[in-house]
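First up is the structure itself, then whatever we jot down about it.
Throughout, residue positions are numbered sequentially from 1 according to the sequence presented. Just follow the structure's listing: the first ligand is 1, and inside any ligand the first atom is 1.
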Amino acid sequence: MIKIENKFLNRIVTYFFDASMEELKNLVDGEIVFVTDRNIFNLHQQKFASQKTIVIEAGEAFKQQASVDYIIAELIKIGATRKTTLIGVGGGVVTDITGYAASVYMRGINFAFVPTTILAMVDAAIGGKNGVDVGLYKNLVGTINQPQFLLYDFNFLQTLPNEEWVNGFAEIIKHACIKDEKLFTDLENNSVDIYKKDVQFLSNLIKKNATIKTNVVIEDEFEKGDRKLLNFGHTFGHAIENLHQLPHGYAVSIGMCMAAKISEEINGFYSEDKLRLEKLLKQYHLPTQCSFDKANVFEILKKDKKRYDASIDFILLNKIGEAKIQSIPLTQLKDLMNQIL
Ligand SMILES: NC(=O)c1ccc[n+]([C@@H]2O[C@H](COP(=O)([O-])OP(=O)(O)OC[C@H]3O[C@@H](n4cnc5c(N)ncnc54)[C@H](O)[C@@H]3O)[C@@H](O)[C@H]2O)c1
């Protein structure tokens, strides 16, 4: 087990890589309550045998306040106290909901995550953003609060469906686009299948990506500046994700292509690099476009959390490995959408 301590503003968060869920009992004082979703629970029941477990329904459609209310009702039934540690074992839906429920139950109890998807391992479980969707509006309600620790048990990945591997690689490609050209080239020289076959190779990739995300967050925990770079591909991505019931990674992939086109139009991003990005996304079986209703998408964009007055903070690429924040007036964004779509 590799132990790395990361110093966030209000908490040191320890990441345990190459670990096993059985080691949790040595890491937590007091009672543990697990939160997981039905798919993971059914596939890995033996891992939950020793502790109380709250099982929520799987999928983004259940990342709503009703699931938080259910968890709170179960915690009351269990008799959970301020000494209880809530541990979210799952993908980003479970970790987002668990962090939020733990942050509000009794005004805040300890919590930790065991991420079980690639996406949660490299992204969702890191950084302390927790919350739920409200109807179609993604992550509209929530908190920023760091977990005590993350435990990476790669054993879970044996049951991860192929579609979810692909989803996770969208965020890995995003990290390469905004921060790491060398990672982009490494990805060009490999494939999902190669990473799947070699646990150590995959573990290194996950550690590298967890570190990229962690460092960006540590520099700007409350998203006043550079943390916004992590939203590359997400502004459009979030708008089309719930509207078209797309998997998160697919939506982000399409969003990155749109952002690359806008970068080409107004930021001098090279057309060849835009094509390189599209080729890489296709190599990792990710979509680069989809048809959607521009008017509906625009209505959702207008409610985006990154909108200030009549402008929206958009993440553009200067080149592969380097991104910037640019405020784009909604009127210009509408014109750009009409131009590039
Ligand atoms: N908080 C953040 O900073 C942040 C960052 C990125 C994404 N997110 C959020 O993360 C969510 C997406 O996360 P996700 O893609 O992990 O989705 P998810 O949690 O819905 O998991 C995807 C599917 O995989 C199943 N699954 C999970 N682990 C499995 C395993 N080991 N074996 C078999 N099946 C397994 C789940 O049951 C689910 O059906 C979105 O809601 C997104 O908004 C949050």
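At a heavy-atom distance under 4.0 Å, only side-chain atoms of Pro161, from C-beta outward, approach ligand 1. Contact annotation: for Ala58 versus ligand 1, heavy atoms closer than 4.0 Å belong to the side chain alone. Looking at Asp133 against ligand 1, nothing comes within 4.0 Å, counting heavy atoms. No part of Arg38 comes within 4.0 Å of ligand 1, judged by heavy-atom distances. Proximity of Asn139 to ligand 1, defined as any heavy-atom pair under 4.0 Å, is confined to the side chain (atoms from C-beta onward). Counting heavy atoms under 4.0 Å from ligand 1, residue Thr159 touches it through both backbone and side chain. With a 4.0 Å heavy-atom cut-off, ligand 1 is reached by the side chain of Leu43 but not by its N, CA, C or O.
Nearest to atom 26 (N) of ligand 1 among the protein's heavy atoms is Ile40 CG1, 4.0 Å. The protein heavy atom nearest to atom 24 (O) of ligand 1 is Glu164 CG, 3.6 Å. In terms of protein heavy-atom proximity, atom 31 (N) of ligand 1 is closest to Phe156 O, 2.9 Å. Distance from atom 35 (C) of ligand 1 to its nearest protein heavy atom, with residue and atom name: Leu160 CD1, 3.8 Å. Nearest protein heavy-atom neighbour of atom 27 (C) of ligand 1: Thr117 CG2, 3.3 Å. From the protein, the heavy atom lying nearest to atom 3 (O) of ligand 1 is Lys213 NZ, 3.2 Å. Looking from atom 12 (C) of ligand 1 to the surrounding protein, the closest heavy atom is Leu119 CD2, 3.8 Å. Ranking protein heavy atoms by distance to atom 4 (C) of ligand 1, first place goes to Ala124 CA, 3.4 Å.
Here the closest heavy-atom approach between residue Lys213 and residue Ile126 is recorded as NZ-O, 3.0 Å. Heavy-atom minimum distance, Thr116 versus Leu160: O-CD1, 3.9 Å. The minimum heavy-atom distance between Glu221 and Leu9, with the atom names listed, is OE1-N, 2.7 Å.
Using a 4.5 Å heavy-atom cutoff, the side chains of Phe184 and Ile172 are not in contact. Contact annotation: the side chain of Phe156 never approaches that of Leu43 to less than 4.5 Å [non-hydrogen atoms, C-beta and beyond]. Looking at heavy atoms from C-beta onward, His234 lies in side-chain contact with Lys174 at the 4.5 angstrom threshold. Side-chain atoms of Thr235 and Leu301, non-hydrogen and from C-beta on, do get closer than 4.5 Å to each other.
For ligand 1, the polar-atom distance check finds an N/O of Thr116 within less than 3.5 Å of one of the ligand's N/O atoms. For a threshold of 3.5 Å applied to N or O pairs, the pair formed by Asp123 and ligand 1 contains no separation below that value. Close N/O approach between His44 and ligand 1 is not found [any backbone or side-chain N/O within under 3.5 Å]. Residue Glu60 places at least one N or O, backbone or side chain, under 3.5 Å from an N or O of ligand 1. Considering backbone and side-chain N/O of His248, none are found under 3.5 Å from N/O of ligand 1. When only interatomic distances are considered, the shortest N/O to N/O separation between Asp37 and ligand 1 falls below 3.5 Å. Taking only nitrogen or oxygen atoms, main chain and side chain alike, Gly90 does not reach within less than 3.5 Å of ligand 1. Residue contacts with ligand 1: Gly92 is placed with a nitrogen or oxygen under 3.5 Å of a nitrogen or oxygen of the ligand (distance criterion only). Considering backbone and side-chain atoms alike, Val93 places an N or O below 3.5 Å from some N or O of ligand 1.
By the 4.0 Å heavy-atom criterion, Asn167 is excluded from the residues contacting ligand 1. Residue contacts with ligand 1: Gly127 is excluded, as none of its non-hydrogen atoms falls under 4.0 Å.
Looking at Glu265 and Gln339, their side chains do bring a donor and an acceptor atom within 3.5 Å of each other. Under 3.5 Å, the side chains of Thr84 and Glu31 contain a donor-acceptor pair of N or O atoms. For Asn145 and Lys129, the side-chain atoms include no donor-acceptor pair closer than 3.5 Å. Lys334 and Gln332 form no side-chain donor-acceptor contact under 3.5 Å, judged by distance and modelled atom types alone. Checking Asn6 against Thr214 by side-chain atom types alone, no donor-acceptor pair falls below 3.5 Å.
Not less than 6.0 angstrom separates the ring centroid of Tyr152 from the ring centroid of Phe16. Annotation: Phe236 is in aromatic contact with Phe314 [ring centroid separation under 6.0 Å].
Here the shortest heavy-atom distance to atom 25 (C) of ligand 1, taken over Asn39, Ile56, Asn155, Ile144, belongs to Asn39. Looking at Ile118, Leu230, Asp96, it is Asp96 that brings a heavy atom closest to atom 44 (C) of ligand 1.
Between Phe34 and Phe48, the ring-plane angle classifies as perpendicular under the 30° and 60° cut-offs.
Each of the atoms 16 (O), 19 (O) of ligand 1 lies under 4.0 Å from some heavy atom of Gly91. Atom numbering of ligand 1 starts at 1 in the shown order; those under 4.0 Å from a heavy atom of Lys63 are 9 (C), 40 (C), 41 (O), 42 (C), 43 (O). Listed by number with element, the atoms of ligand 1 under 4.0 angstrom from any heavy atom of Lys138 are 40 (C), 41 (O), 42 (C), 43 (O).
For the pair Lys196 and Phe201, the cation-pi criterion (under 6.0 Å, within 45° of the ring axis) is not fulfilled.
Salt bridge Lys228/Asp220: absent, no basic N to carboxylate O contact under 4.0 Å.
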Exercise. Go through Phe113 and Phe149 one step at a time and tell me if the ring-ring contact (aromatic ring centres under 6.0 Å, His included) criterion holds.
Key: CA-CA 7 Å; Phe113 300 139; Phe149 63 83; 9.3 Å; no

